[in-house]
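Note: hydrogens, waters and symmetry copies are ignored here, and every other heavy atom, side chains too, is used. Chain letters run A, B, ... following the sequence lines, proteins first and then strands; every chain starts at 1.
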Amino acid sequence: MRIRRDKRDRLIASGRPAYPVWVDRTHSLAQVREQWAHLETGEETQDRVGVTGRVVFIRNTGKLAFATLQEGIGTRLQVMLSLAEVGEDALAAWKSDVDLGDHVFVEGRVISSRRGELSVMASSWQMASKALRPMPVLHKDMSEESRVRQRYADLIVRQEARDMVRTKAQVLGAIRGVLAEQGYLEIETPILQLIHGGAAARPFHTHMNAFDQQMVLRIALELNLKKAVVGGVDRVYEMGRIFRNEGVDATHSPEFTMLEVYQAWGDQTTIGALMRELYLGVADAVGSRVLETPRGSVDLGGEWRWLPVYDAVSEAVGETVTIDTPRETLLAYAAKHGVEVDPGLEKDKVFLELLSELVEPGLLQPTFLCDYPAIAQPLARPHRSAPGLIEAWDLIIAGVERGTGFSELVDPIIQREVLTEQSLRAAGGDPEAMQLDEDFLRALEYGCPPMGGLGLGIDRMIMLFTDANIRETILFPHLKPEA
RNA sequence: GGGCCUUUAGCUCAAUGGUAGAGCUGCGGACUUUUAAUCCGUAGGUUGUGGGUUCGAGCCCCACAGGGCCCA
């Protein structure tokens, strides 16, 4: 670093800025590649361009120097500096002043080298931004920790990291495109809330000075979006960051991006159809409807099966299981099939354990698991024909939960009963149970149209399309401070 | 929360309990068609932190911290 620091100082002292505010760039590297793609090996033009980029390879040979510039998300182009064309001083300065990692500006003719590499043959060059810190080596992967701690360096040296940035933007754009086309309005709702609700999770706590009030960061988007539907925003969604104060590992991040969509006059079936369209829209934007996953090939374009959860568990244990199957019987099934469950769990939670252990991992193709017991989702509507069940589904693709949807509960009386029960659990020490949100109940009391709603974790969706872990889908994930 | 693995040069990694090394990067030099250029030379270290065992610790033991994988 000290030597590069000296180079910077030397440049500045000699009147050549190390960090000029402007250089006369005429073309991006991508434009040069596109416009002069037709050049034959060794063909030279008199077309003059000014290009910029970060020096990622450098090959200085006596009187002819080569460097590879890298621009933006991955375009590269070679530049050449010949003694005959830039002159002795400029070539000597290039050799002494330019290091790997520097941004440079090169002006010259577009040519194809004798080996057929499209290049800019320099007539002059200029430092555009001097790098003081050496780049990581390009030929070995950085350790996973370095990648995450210094994502900027990871982005410089690793194409997959750059691709992830583009893919994530394409996914967000495709989702907004599908929703906009169908008349959904995107809204923003408060991240700082008085009461956490809409999901089962531990919140982060904070304090608002202005009100001298304890606040929580939102764990879901649900309640505010439903209030918007009450007010007449019939098709509404929010895609934003939510916060859960829980474990951090390859599939869990304490903050992640969630999409929730609400559709007045819809139900679990119509919202399921929308879920499929969202997935297909994203698939078409980033690649293919057929995905290769570690568990096998997934065809998103096929029929998405609806599978009632009691049928699925019955098949898995080889016995008929219903909402009325006693707790002890379920515990016996669990023991028989090697599913470890806390013996103190209530009946329906034992059932959900069986479902997630015995059924979900085996579902490769897109499947809506449906007809859940009521305990699974406190905000879903009781089933229109099956007593004790609710109208809710979980979407499983490649063995992993990818999203959820309901016919939403809009009866304010039943909703109050359900939330009161939840708040009693919370008071009883269940840290994930919901609190009673009186403002939400008041909104429902004004009357809410029947509606379907869905929730979708964007990062998990991207993990499916890119086969990456969650720390790679999030550009700057959380790590403990360096020692 | 439990188990296993891991932390050494800017980066990626070596090193029977006995003088801490290599490749790339960096620095100096040679070379007018290179492609991770090549060749010659050279610099670079409180081995995560703190204790302990030992004549002697990067290596063995303990604690702590960071990272990873698996399990709950």
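A/Lys480 has a side-chain polar atom (N or O) that falls below the 4.0 Å cut-off from OP1 or OP2 of B/G66. Residue A/Lys7 places at least one side-chain N or O under 4.0 Å from the OP1 or OP2 atom of B/C27. Contact annotation: A/Lys63 side-chain N/O to B/U32 OP1/OP2 distance is under 4.0 Å. Note on A/Ser146: a side-chain N or O is less than 4.0 Å away from OP1 or OP2 of B/U12. Residue A/Thr61 has no polar side-chain atom (N or O) positioned under 4.0 Å from OP1 or OP2 of B/U33.
Rounded to an integer number of Å, the gap from CG of A/Asn60 to P of B/G26 is 10 Å. The distance from atom NE2 of A/His478 to atom C1' of B/G66 is 17 Å, rounded to the nearest whole Å. Straight-line distance from the CG atom of A/Leu138 to the P atom of B/G23: 19 Å, rounded to whole Å. A/Arg59 has its CZ atom 16 Å from the P atom of B/C24, to the nearest Å. Taking atom NE2 of residue A/His252 and atom P of nucleotide B/C69, one finds them 13 Å apart after rounding to whole Å. Distance, A/Asp154 CG to B/C11 P: 14 Å, rounded to whole Å. Between A/Arg114 atom CZ and B/A37 atom P the separation is 20 Å, expressed in whole Å.
Using a 4.0 Å heavy-atom criterion, one finds that A/Arg76 contacts no nucleic acid atom at all. Contact annotation for A/Ala84: base contact, defined as any heavy-atom pair under 4.0 Å involving a base atom. At a threshold of 4.0 angstrom between heavy atoms, the contacts of A/Ser143 are confined to the sugar-phosphate backbone, with no base atom among them. Residue A/Asp99 is classed as a sugar-phosphate contact, given heavy-atom separations below 4.0 Å to backbone atoms only.
In plain terms, the two heavy atoms of A/Val56 and A/Leu138 that are nearest each other are O-CD1, 3.2 Å.
Nucleotide B/G1 forms a pair with B/C71, judged by Watson-Crick or G-U wobble geometry with both contacts under 3.5 Å. Nucleotide B/U53: unpaired (no Watson-Crick or G-U wobble partner with both distances less than 3.5 Å). Here B/G26 sits opposite B/U42 as a Watson-Crick or G-U wobble pair (both hydrogen-bonding atom distances under 3.5 Å). Of all nucleotides present, only B/C13 satisfies the Watson-Crick or G-U wobble test against B/G21, with each distance under 3.5 Å. Applying the Watson-Crick and G-U wobble criteria (two distances, each under 3.5 Å), B/C31 pairs with nothing in any strand.
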> Step by step, would you call A/Thr68 with A/Gln78 a side-chain hydrogen bond (donor to acceptor under 3.5 Å, both in side chains)?
Replying inline: CA-CA 4 Å; A/Thr68 302; A/Gln78 175 168 274; 4.9 Å; no
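Nearest nucleotide to the A/Leu64 side chain, out of B/C11, B/U32, B/G10: B/U32.
Atom OG1 in A/Thr473 sits 6.5 Å away from atom CE in A/Met463 (nearest 0.5 Å). Remark: A/Tyr279 OH to A/Phe465 CZ distance equals 6.5 Å, nearest 0.5 Å.
Residues A/Glu71 and A/Arg25 are paired through a salt bridge, judged by an N-O separation under 4.0 Å between the basic side chain and the carboxylate.
Of the two residues contacting RNA chain B, namely A/Lys140 and A/Gln78, the nearest-nucleotide position lying further toward the 5' end is that of A/Lys140.
Taking A/Lys130 as the reference, A/Asp99, A/Asp102 meet the side chain to side chain donor-acceptor pair (under 3.5 Å) condition, with sequence neighbours excluded.
With both ends at atom P, the span from B/U46 to B/C59 equals 16 Å, rounded to whole Å. Nucleotides B/C24 and B/U32 have their P atoms positioned 23 Å apart, rounded to a whole Å.
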